[in-house]
Structures are given as C-alpha cells and as structure tokens.
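This report concerns only the one structure given below.
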Number of protein chains: 2
Amino acid sequence: MKSQKISEAVVRRLPIYLRFLNELAMKNIMTVSSQDLGHKLDLNPAQIRKDLAYFGEFGKKGIGYDVAYLIEKIRQILKLDRQLQVALVGAGNLGRALCNYNTYLRNDMKIVAVFDAMPQKTGETINNLTVQPMSEMKETLARLGVRIGIITVPAAEAQNVANQFVEAGIEAILNFAPVIIKVPGEVRVHHADFTTELQSLAYYLD
Amino acid sequence: MKSQKISEAVVRRLPIYLRFLNELAMKNIMTVSSQDLGHKLDLNPAQIRKDLAYFGEFGKKGIGYDVAYLIEKIRQILKLDRQLQVALVGAGNLGRALCNYNTYLRNDMKIVAVFDAMPQKTGETINNLTVQPMSEMKETLARLGVRIGIITVPAAEAQNVANQFVEAGIEAILNFAPVIIKVPGEVRVHHADFTTELQSLAYYLD
DNA sequence: TAGATTGTTAATCGATTAACAATC
DNA sequence: TAGATTGTTAATCGATTAACAATC
C-alpha cells in the first residue's frame, strides 16, 4: 500500500481538502464525512475516500474523519509539516503580489529570498525582503536551505532562470511565465499560466 | 464529428498549441508537424493530432500543419478571433499585476474594467483604467459587453463577487481566491490558485 | 517514386464512480 | 441494535498512446 505511485490528480486535490479542513477547524468542527467534503468541494465522496485511503486509514467507519487528525496527516503527506523555504525570481508586479501572500502560506511555506536580473531592481525592498542580484542566488539558496523556486520573469528569460535554479539545487519550480520550461527529470515543474487559463475559459462562451 | 463533446483536457492544451504556433510564426516558420510540436511541448504527437482532429482536418498528410492556418483555426475554436472584454474585481497587488498583462493578451482579450469594494480604492488608476465601485458594475459590464470576469479579492469575499458577476450576466469566471466558488451550471469557473499549486508541488520533494 | 506525416481506429492505460461488507 | 460511514473491490468511464492505411 505504501509503494503505489500516487497520481497527479490525487496530489492536486490534497491541498484543497487541507484548506477546507482548516476552515472547519477554525469553526471548531471536530468531525467531517466524505459526503460533507464532497458536497462542499464539488467532488464525489467515493473519490475523496479513495484519495485518502492511498495514504492510510484516517477515518472511522460510521463516524467520518477527525478534522484535526486529518489536517495533521495531510500536512505530513504534502511535507508541509516543516516550514519550506521558497525563493522567487522576477521582482515585477506579479512577483511583488506573490510575496504578499506570505501571510496566506501560514507556517507551511515562506518566500525567503527574491532575485532580479535588472540592476535597478536590486536593493529594492519587498515585504521585508531585499531584492538580490542573480549572482548571489546560488550562495543564498544554499545558506537558507531553499528547495522550491518561483519564476515570475518574462517568457524569454524563464528557461534561463530555470537553468540557474537547477544549477543551484532547487527541487521544484512553479513557473508563471507563459512558456514551457525544460528541466532534468528529478526536478518537478508546475506551470501556473494565467494567459492560457483565460484563453481556455473563452472556449466555453456560447 | 461536430457534436462530440470535447474534454476539458483537450481545451486546456489548445492555448498551449496556439502560443507555440505564434512563436513559430514570428520566426517565419511556415509548417510544423505533430512531432515537432510534441517534442517542444512535451506531448505525444498522436495526442496533438487527435486533439486537432476533433475540430476538423487542418493538416496535410506527408507535410504537416500550415502554421498561419492552424493559428487562425485555433483562434476560431477558442473564440479568440474577436476581442473579448474582461473585467476584474479586486484592485490589490495581484489585480494590479494582472492588469499589466494586457499587453500579453494581445488582441485576443482585454481587461476593460476594474472594480473594488473599498471606497479608498475607487478612483485609483491602474494602467489607464479607473477603479470603479461595485455599485457601477452591472451597468458598466453591460455597456462594455464584458463576458469574462476575474476575481482577485480575499477568499472571504470571492463568493459574493461571483454572485454579483453572475447577476451581471458574466459567462465565465477566473477565480484567483483560495476558495471554491459556486455558480449556476451555465457559468464556467476556472480556479487559478497559487497557494494550492505550491502546496501540491511540495509533495514531490524527496 | 520514396519518404513523411496525417487522420483515425483499436489497444492500452488510468481515473472516477458505484456498490457493499465491515464496523463504529 | 439501527443508522451511518468508512475502506476497498469491481464496474464504468474516459483519456492517452500505438499502429497503420491514406495520401501529400
């Protein structure tokens, strides 16, 4: 049961479960059923039970899931039970906006370093962070133990930044630039591209 | 062949094809094969051919696809062959960043109105647009023919904004707030949530 | 013509959903 | 006990990939 490979679809739903469970916890709700979850999140209850069952037996038959316990378990699964350090490259509008989400990321993750290739940007302050030049990246990431990188530079520079991330030992990248970037197999890349997202929405207009 | 329902996965790939085709066009490359496309976009060539074949016979056997013609066809499919008007609610950092993407969206789409519920924000200028109060939304959207809405408000207000969008006749919504919003079946919602994206990335760390 | 590449069918693979025994 | 809900198997559904005849 441990050595099954978990599909990407499952992994993408876990943070959604986690977020809703946190809401329940804040309302002092102690227990939740897969049916409740499914109803709120527009998902099939069987799917939710199956997703969770990949990782263990977290529920009680006839009762449901203990909210606090399930939160703890999902945080462990997602490796959010320690604080993960994140670096961001590209101190433009989008980069600045994301840095302000630090509060949202709570204790799970934290953007701890910001870089930009343009000399006129370095030295600027964003949310208590000083924008550093690219030349300092490798050393800073090693020192701070950064494992995750965010790319918010223009499309033309994204691949270059990705290469530097890989060189600096980054293990996972979230790319906001509207271009597919290539990295070695051991590095994980997710694309978060707002323009393609909007364009696919347009398809559903009548 | 016309009445097949197209899967979401297919629709999400079309903008990626389009973006790469535009790059080719800018390099004056006239023709491309599914193999070339697949190699560049990390997709299976058979999948690309199948995706396109849902909508018509756009290629030439032995030759490949004419870049300009395929661009034209995909733009038609995605309804990007007219300019689509977009409205945004939430003039915070993220909203401001997205407004600056207007140049990126080219002729396909354009953010033409920005709203915010906070009185101190209204009247501010973002990229030639004046932030308007929510009370003006319905009238403005009707006047400008806006069909797509973007939500960049805090999670607690997102559902409320969505309701107002629906009320104002919006047909598709891109929601950046970290919460699942509910809308009537005829309205399309995509979620573009940066925090869940980051959290699912963390799973893949060793 | 020979080589290349499409469009499409069939085969495979994977994900979702239904159903139900186990059990709280 | 009766009612509820899990964990899990089996059934269904859908998406991806392979293969190849058609043809430029």
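Atom set for the values below is all heavy atoms of this structure, side chains included, hydrogens, waters and symmetry mates excluded. Not measured: the values here are computed from a predicted model. Reminder, nothing fancy here: chain letters follow the sequence lines and each chain counts from 1.
- Sorted by first then second residue, the salt bridge (charged side-chain N to carboxylate O under 4.0 Å, His left out) pairs that include residues 44-70 of chain B, not counting sequence neighbours, are B:Arg13-B:Asp51.
- Straight-line distance from the CD atom of A:Glu8 to the C1' atom of D:dT16: 14 Å, rounded to whole Å.
- Taking atom CG of residue A:Asn44 and atom C1' of nucleotide C:dA15, one finds them 12 Å apart after rounding to whole Å.
- B:Asn93 places none of its side-chain heavy atoms less than 4.5 Å from the side chain of A:Tyr101.
- Secondary-structure stems of DNA chain D, taken as three or more successive Watson-Crick or G-U wobble pairs (i with j, i+1 with j-1) under a 3.5 Å distance threshold, comprise C:3-24 with D:3-24.
- For the pair B:Ser7 and D:dG14, the criterion of a side-chain N or O lying under 4.0 Å from OP1 or OP2 is not met.
- In terms of the side chain to side chain donor-acceptor pair (under 3.5 Å) criterion, residue partners of A:Gln159 (sequence neighbours excluded) are, by chain and number, A:Asn163.
- Note on residues 16-36 of chain A: pairs passing salt bridge (charged side-chain N to carboxylate O under 4.0 Å, His left out), not counting sequence neighbours, are A:Arg19-B:Asp193.
- Contacts of B:Thr122 classified as side chain to side chain donor-acceptor pair (under 3.5 Å), with partners at least two apart in sequence or in another chain: none.
- In this structure, A:Glu57 reaches the sugar-phosphate backbone alone: every heavy-atom distance under 4.0 Å involves primed, P, OP1 or OP2 atoms, never a base.
- Per the geometry, NZ belonging to B:Lys5 stands 11 Å off P belonging to D:dC13, to the nearest Å.
- Atom pair A:Asp51:CG and D:dT8:C1' shows a separation of 14 Å (rounding to whole Å applied).
- For residues 24-35 of chain A, proximity to DNA chain D is found at A:Ser33, A:Ser34, defined as any non-hydrogen atom under 4.0 angstrom from a strand atom.
- Following rounding to the nearest Å, B:His39 (NE2) and D:dT17 (C1') show an atom-to-atom distance of 18 Å.
- Pairs engaging residues 146-157 of chain A under the side-chain hydrogen bond (donor to acceptor under 3.5 Å, both in side chains) rule: A:Arg147-A:Glu171 [sequence neighbours left out].
- B:Glu139 pairs by the side-chain contact (heavy atoms from CB on, under 4.5 Å) definition with B:Arg143, not counting sequence neighbours.
- Remark: A:Lys138 pairs with A:Glu167 by the side chain to side chain donor-acceptor pair (under 3.5 Å) rule, at least two apart or across chains.
- A straight line from NZ of A:Lys50 to P of C:dA15 spans 9 Å, rounded to a whole angstrom.
- By the 30° and 60° cut-offs, the orientation of the rings of A:Phe194 relative to B:Phe176 is tilted.
- Out of D:dT6, C:dT16, D:dT16, the shortest distance to the side chain of A:Tyr65 is found at D:dT6.
- Following rounding to the nearest Å, A:Leu52 (CG) and D:dT8 (P) show an atom-to-atom distance of 12 Å.
- At whole-Å resolution of the value, CD1 in B:Ile48 and C1' in D:dA18 are 15 Å apart.
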Assign a letter to each nucleotide of nucleotides 19-24 of chain C from its 5' end: B, base within under 4.0 Å of a protein heavy atom; S, sugar-phosphate only; -, no contact.
B--BBB
Result block: side-chain N/O donor-acceptor pairs under 3.5 angstrom for residues 79-87 of chain B, not counting sequence neighbours:
unit_1: B:Lys79; atom_1: NZ; unit_2: A:Tyr203; atom_2: O; d: 2.8
unit_1: B:Lys79; atom_1: NZ; unit_2: A:Leu205; atom_2: O; d: 2.9

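- Not counting sequence neighbours, A:Asn128 has no partner by the side chain to side chain donor-acceptor pair (under 3.5 Å) test.
- Here B:Tyr54 does not reach the OP1 or OP2 of D:dA15: none of its side-chain N or O atoms lies under 4.0 Å away.
- Looking at A:Thr31, A:Leu52, A:Ile48, A:Leu21 one by one, the single match for side chain to side chain contact (heavy atoms under 4.5 Å, CB included) with A:Tyr65 turns out to be A:Leu52.
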